2 protein chains.
Amino acid sequence: MAAPLESTPARRAPLSRARVLHVAMAYADTHGIDALSMRSLAQELSVVPMALYKHVGGKEDLLDGMIEVVVGEIVHEPATGAWKRDARERILAARSTLQRHQWSRAVLESRPAMTPAMLDYLDALTGLFIDGGLSVDLTHHVMHALGNRMWGFSQELFAATPPSDTASFNAQRDALPRQHPHLAQIARAAAHAGPDGVLVLGCDDAFEFEFALDIVLDGAEKLHALNWTSG
Amino acid sequence: MAAPLESTPARRAPLSRARVLHVAMAYADTHGIDALSMRSLAQELSVVPMALYKHVGGKEDLLDGMIEVVVGEIVHEPATGAWKRDARERILAARSTLQRHQWSRAVLESRPAMTPAMLDYLDALTGLFIDGGLSVDLTHHVMHALGNRMWGFSQELFAATPPSDTASFNAQRDALPRQHPHLAQIARAAAHAGPDGVLVLGCDDAFEFEFALDIVLDGAEKLHALNWTSG
DNA sequence: ACTCTAGGTGTACTGTGTACACCTGTCAAT
DNA sequence: ATTGACAGGTGTACACAGTACACCTAGAGT
């Protein structure tokens, strides 16, 4: 036998986390996220359901991985220095990417999703504002205003990391300044001493909500005064 | 026997749609929305799961009913005539109501949810702007800016009612001006002729997104120029 | 007294995520 | 060459979900 390695003609491509994620995304793109189950995905890969668990932690991890890929797909145009235009462009790029995967919005909204790609995106966007000259304080609240229910990410940015794993929490916090310097700046600014003296990273949800609300209402008032029209 | 009606001492209170909904809400409040299943709810009511289906169409209908109750709980302070203050107050009232039921945000975001109470709320809010003198056009886009990912309702306001039930669709559309005059105004303004000449009610999703985005970015720019600070 | 019916019951089916034990082919070290 | 570890695919099985369908039963209207 010359080629024992290829003796079975229709040899399956080997599984891998990347392949699982991409096939899952394609499947969700065409059949909808509700149709995506471990079983349907396994069938799509001509594999038994449990095989997936060797490459993915479970359904949650699968979904996390999928949005991680989507967020990673967002194209970052190089900054031109005009912060407002740059931010606008980047956010619209993000939107068009999410738009290509209809399911991503619902999935994103259903989980905290502070994945590495997400942090990269947030840090880059934050950097545009800070480097553009906005104060860290203002940047902080603008990020909330943009994110609050617009992407579904913001309100739990630094919230409620369960203290179950203090070690890795500390590790992550210490790595933040290096990897995501702009987010770290915000975190420092938003930190305040809790009742027991421990430093607590927390954002005042109600404040952020009203901040965003007032921006929209003030904008409406201004446009009204200008007799603005969409035509 | 004097009181045959109460012969069995621990007689269950009879089921009803309202009771089912309220117990479901209480259960979701304390145990979380994920713990709410037809079975757990039935047990809470000391009843067999299938009994619920006599009062509720199914799980989807249950969830719809729950948010309907929540939205109905929003208190409407009487309008003072100052549209901006009134709108602000009403939106914060809505927020605090949703806040009392943590699950409501996720449930709301997971469905179109154009229920009667929702329409009432939207129409009332819209009315504040229009009666305050804002143009219907501006009001339309402001509603989108407020709603876009802030409540999760807006982008499908008039979209994609499946043409399966044309009769009831027409009926609903014809009833709109009476029941929700302000929404009807917006609908009329946003209507445009489709490719086949039929009137299509549709909002340009991309436009609404950029509208809201620009309001926030312009607001950020203005606050930056003013050296605004949250302290 | 008789039927009708609203409303609660019981059983059963399909589909979900996933734990656990099991094979099997590949490769490194003996 | 033999061994054995191990990465990766398999099979079976379980608990839980939503809900279709047939059934029972108590009370109201005739």
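Below, read A as the first sequence line, B as the second, and so on, with proteins coming before strands; counting in each chain starts at 1. It should be emphasised that the depicted structure is a prediction, and the values quoted were computed from it without experimental measurement.
Distance CD1/A/Ile67 to CG/A/Leu62: 11.5 Å, rounded to 0.5 Å.
Between A/Phe207 and A/Phe211, the ring planes are parallel. Angles under 30° get that label, and only those over 60° would be called perpendicular.
The distance from atom CG of A/Leu62 to atom C1' of C/dT16 is 14 Å, rounded to the nearest whole Å. When the P atom of D/dG9 is taken as reference, atom CG of A/Leu41 falls 13 Å away, rounded to whole Å. Protein atom CG of B/Leu15 is 18 Å distant from nucleotide atom P of D/dA26, rounded to whole Å. At whole-Å resolution of the value, NZ in A/Lys54 and P in C/dC22 are 14 Å apart. Counting to the nearest Å, the C1' atom of D/dA7 and the CG atom of A/Leu52 are 16 Å from each other. Taking atom CG on B/Asp34 and atom P on C/dT16, their separation rounds to 18 Å, with Å as the unit.
At the phosphate of C/dA6, neither OP1 nor OP2 sits under 4.0 Å from any side-chain N or O atom of B/His55.
Remark: A/Arg100 engages A/Glu73 in a salt bridge (charged side-chain N to carboxylate O under 4.0 Å, His left out) (not counting sequence neighbours). Every residue was checked against the salt bridge (charged side-chain N to carboxylate O under 4.0 Å, His left out) condition with B/Asp120, not counting sequence neighbours, and none meets it.
Taking 4.0 Å as the cut-off between side-chain N and carboxylate O, A/Lys59 and A/Asp64 do not count as a salt-bridged pair. Taking the charged nitrogens against the carboxylate oxygens, B/Arg88 and A/Glu210 do have a contact shorter than 4.0 Å, which makes a salt bridge.
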message: Does the protein touch nucleotides 11-21 of chain D at the base, only the backbone, or not at all? Give it as B, S and - per nucleotide, heavy atoms under 4.0 Å.
response: B-B---BBBBB
